[in-house]
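Working notes, structure below.
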Amino acid sequence: GSMAVTENVPYWGCIPARQRGLRAGTYTDLVTMTLTYGPRSSRSSGTMPVSISSPARCQLTTSPADIVFNYTDFGPVVNTGTTFGVTCTSFLPYSMALDATSGTLLGLNYTLSLEATDATGTGAEQSFAILGNMPAGQAGTCASATCSASQSRTLTITY
């Protein structure tokens, strides 16, 4: 009788750096793989598609808006956020990070988090969120009826 066995084998390819004169775009090919097995060196062949996009690029295509905490002293928790868009070359893995995930404004503590920290480019804009939280029951340091303060944060995209 015969026995069917499936085995996943990882593989990788490398594109030499600093190649000049190549147009930007997606390059595709069909690669033939041959498997040799068994005591009689039996062979089996198959093809697999390969796609490489060049050059590798990521950009912030929709900037995040301000995150505004409308908070009242000793008030309830405030959850808020904003969205932003990133466009990266197809198949390109990238990561996102904030320079700080917590802070204090007018004696009120808050936290920030990213909805996702890792993604893979699709060639189209991908939407993500920055989520903000200001815990309940904080006194703050505002001496008048209304106060405002701001802090800048940096979103870094690495690819």
Check your understanding: Can you check whether Leu112 reaches Leu131 side chain to side chain, under 4.5 Å on heavy atoms?
Key -> no
Practice item. For the pair Thr32 (side chain) and Thr47 (backbone), establish whether a donor and an acceptor sit closer than 3.5 Å, ignoring hydrogens and angles. Key: no
Review point. What pair of heavy atoms forms the shortest contact from Leu108 to Ala139, and how long is it?
Key: CD2-C, 4.2 Å
**Study point:** Residue pairs passing the disulfide (SG to SG under 2.5 Å) test where at least one lies in residues 96-132, sequence neighbours excluded
**Key:** none
Exercise for review: Walk me through it: do Thr28 and Val50 pass the test side chain to side chain contact (heavy atoms under 4.5 Å, CB included)?
Suggested key: CA-CA 6 Å; Thr28 59; Val50 175; over 6 Å; no
Exercise for review: Would you name the heavy atoms of Gly132 and Phe69 that are closest together and state the gap between them?
Suggested key: C-CE2, 3.7 Å
Point to revise | Joint hydrophobic cluster, Ile67 plus Leu60, side-chain heavy atoms closer than 4.5 Å | key: yes
Exercise for review: Give a yes or no on this: more than 12 heavy atoms of other residues, nucleotides or ligands lie within 6.0 Å of atom CZ of Arg57.
Suggested key: no
Which atom pairs, donor and acceptor, lie under 3.5 Å between side-chain atoms of residues 75-85 and protein residues at least two apart or in another chain?
from	atom 1	to	atom 2	distance (Å)
Asn79	OD1	Asn133	ND2	2.7
Thr82	OG1	Ala65	N	2.9

Side-chain donor-acceptor pairs of residues 94-107 under 3.5 Å, sequence neighbours excluded:
from	atom 1	to	atom 2	distance (Å)
Tyr94	OH	Gln126	OE1	2.8
Asp99	OD1	Thr154	N	2.9
Thr104	OG1	Asn109	OD1	2.8

Study note, to complete from the structure: For Ile130 and Pro64 the tightest heavy-atom approach is CD1-CB, 4.1 Å
Check your understanding: Which pair of heavy atoms, one from Tyr71 and one from Gln138, lies closest together, and at what distance?
Key -> OH-N, 2.8 Å
Review point. Are the side chain of Tyr159 and the backbone N or O of Gln59 linked by a donor-acceptor pair below 3.5 Å?
Key: no
**Study point:** Atom of Cys142, atom of Ser144 and distance for their closest heavy-atom approach
**Key:** SG-O, 3.2 Å
